[in-house]
2 protein chains.
Amino acid sequence: VAAQFMNADQATSGSMAVAVDLGGTQIRAALVDSAGRISSRASAATLAAAGPESVIGQIAQLVAEISLDVDRDSIVGAGVSSPGPLDTAAGIALSIPTLTGFIDYPLRAKLSEQLQLPVTLENDGIAAAIGEWKFGAGQGFSNVVYVTVSTGIGGGIICDNRVLRGRRGMAGHVGHMSFIQDGELCACGNRGCLEAYASGTAFTKRAAKVAAGNRKTILGSQDGAMDAARVFQAARDGDALARSLVEQEADYLGKGFASLLHLYSPDILIMGGGLSNQYDALHVGIVHAVKAHAMPAFRDIPIVRSALGANSGLIGAASLAIGNV
Amino acid sequence: VAAQFMNADQATSGSMAVAVDLGGTQIRAALVDSAGRISSRASAATLAAAGPESVIGQIAQLVAEISLDVDRDSIVGAGVSSPGPLDTAAGIALSIPTLTGFIDYPLRAKLSEQLQLPVTLENDGIAAAIGEWKFGAGQGFSNVVYVTVSTGIGGGIICDNRVLRGRRGMAGHVGHMSFIQDGELCACGNRGCLEAYASGTAFTKRAAKVAAGNRKTILGSQDGAMDAARVFQAARDGDALARSLVEQEADYLGKGFASLLHLYSPDILIMGGGLSNQYDALHVGIVHAVKAHAMPAFRDIPIVRSALGANSGLIGAASLAIGNV
């Protein structure tokens, strides 16, 4: 059915893009049309330690897979979402902590050569923001703040109907706003960033730490591993410690979001990333903290969950390649 | 000489604007040409408690004074810089803490009626940012963060060659970024904002507090009053306590600025406001903190003092009125 639908759309809209979501653990590729609809997809575990050439090879293979049954002429280009920091103005990966060897690497040129397509390169947070703005929870708004809360915290900003890029396309590093003075060490090397307190990683680390010294919780620590879903499930099951962990997380996020409202004045703030799968459990606490910490003129700005989930970045990257941003 | 210069310019450029800088303690008005040059000026102490009609009357009188010798036809409009929060899209003062009665007040319409001129209304932080971008330290850059450090902390952002406005024109409230969790009470009602730690007010409050309990400082506390200039002078005179106060202030500012670099990715960050008069004493400490707290790709962004000083807002407001923004 999806394929039929796609064909019908191709007949009317014509243009399509290859979208690639390059991540530290997984590479995903898809065909996306100008209405933001995904048809064929493929994915692979990233050969993160193997160096840029191997990763480029993986991307080329995935793109070949999804393009098999498609007229090459209908593909206008490739949109690639990548972790940063990237200099998207120059098309260069400055350094990608999760991918070995991507240091001052001409990612756009290499991909373009390999894929034989024009390539648009975008920071993953900004690509996802564009996806949500054009086809997700941000549709119809002029000002959107998108925050992805996952292993780290990233984001992308639409302001006055334009994507905020700034010097080297690096605007919107919202996870590295100073949050607690001289606080926890962050992956960026600094201390006390929002990411170091409110990311999924920080959340599970906190959970493991408090569970280890507490016999009253059902969270346990026998196997050493702790994942976010287990904490949320325990909270739903009435576990007091898990509940307080979820409340604490919502409070951190809400405080961080309040600052972002003051800084960017969006019409809406959209939360995506892995932790947004638990948005139902976080929403009340987030909104409570926003109302407590935002100035009156900013308190009524809606905070919502992403509508496109894991596909925001793919769809945003494709929009850039198709040129409707 | 200034007047001759002005006439020469009028002959070539033609258009001029009335600029008004409405503040809680002072109202300043000036004629500004399209090259950002100020000619005649006037000012008055704001009748802050007398209500909007009195203040509008004061503005009208000041504008009449500066326009006396000028052909009315050469004045294209009035640009007004005002403390916020304003809804500049609607032309409304939502609430101005320092001016009695400016609550949901249609400031733009009232001024336009009174002055018989088209009026452009802008938040003071954004107006000053525009002034610096067009004619000051930000000239030639596409991405500028301007931060005014004075009684409070405000700001304005230029990103991708456009003024960042956001919902209701309220983007760039950089002073109300959460800075220290549950910290000092801020004028906005929240706790722990950057403004509550790094504003001129916070600086002098801190100075008064530590001086009161310390006999080794030349700062003294005999008269109860403490002003920033006295602390900076004492630091220059070698007073250890004053020096540590200045270092602390620079550190707070630098940490806040590092966050702003991550959030907006400017080509340059410009510090204005009263405390920027002491920029020479703060610069080293600010840059040190920025380098310690910004991610590598953001560390080399220059931090400078405003070039237009107290006139940034007037010149920016005029630029808006003339329409060259």
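Note that the coordinates shown come from a computational prediction; the quantities given were computed from them, not determined experimentally. First the proteins, then the strands, lettered A, B, ... as listed; each starts at 1.
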Contact leader toward chain A among B:Ser142, B:Gly256, B:Ser265, where contacts are heavy-atom pairs under 4.5 Å: B:Ser265
Among B:Arg165, B:Arg191, B:Arg162, residue most engaged with chain A (heavy-atom pairs, under 4.5 Å): B:Arg162
Partner residues of B:Phe257 under the ring-ring contact (aromatic ring centres under 6.0 Å, His included) criterion, sequence neighbours left out: none
Residue list, salt bridge (Lys or Arg N to Asp or Glu O under 4.0 Å) with A:Asp160, at least two apart or on another chain: none
Residue-level contacts of residues 283-296 of chain B with chain A, using a heavy-atom cutoff under 4.5 Å: B:Ala292, B:His293, B:Met295
Proximity of B:Tyr252 and B:Phe179 rings by center, below 6.0 Å: yes
ring-ring contact (aromatic ring centres under 6.0 Å, His included) between A:His176 and B:Phe298, intermediate numbers included: CA-CA 11 Å; A:His176 303 285; B:Phe298 297 88; 9.0 Å; no
Per-residue contact mode, B:Ile301 against chain A (heavy atom under 4.5 angstrom): side chain
B:Ala196 backbone acceptor or donor facing B:Ser199 side chain under 3.5 Å: no
Contact class of A:Leu263 relative to chain B, heavy atoms under 4.5 angstrom: both
Part of A:Asp251 within contact of chain B (heavy atom distance under 4.5 Å): neither
Pair listing, side chain to side chain donor-acceptor pair (under 3.5 Å) test, anchored in residues 126-139 of chain B, at least two apart: B:Glu132-B:Ser312
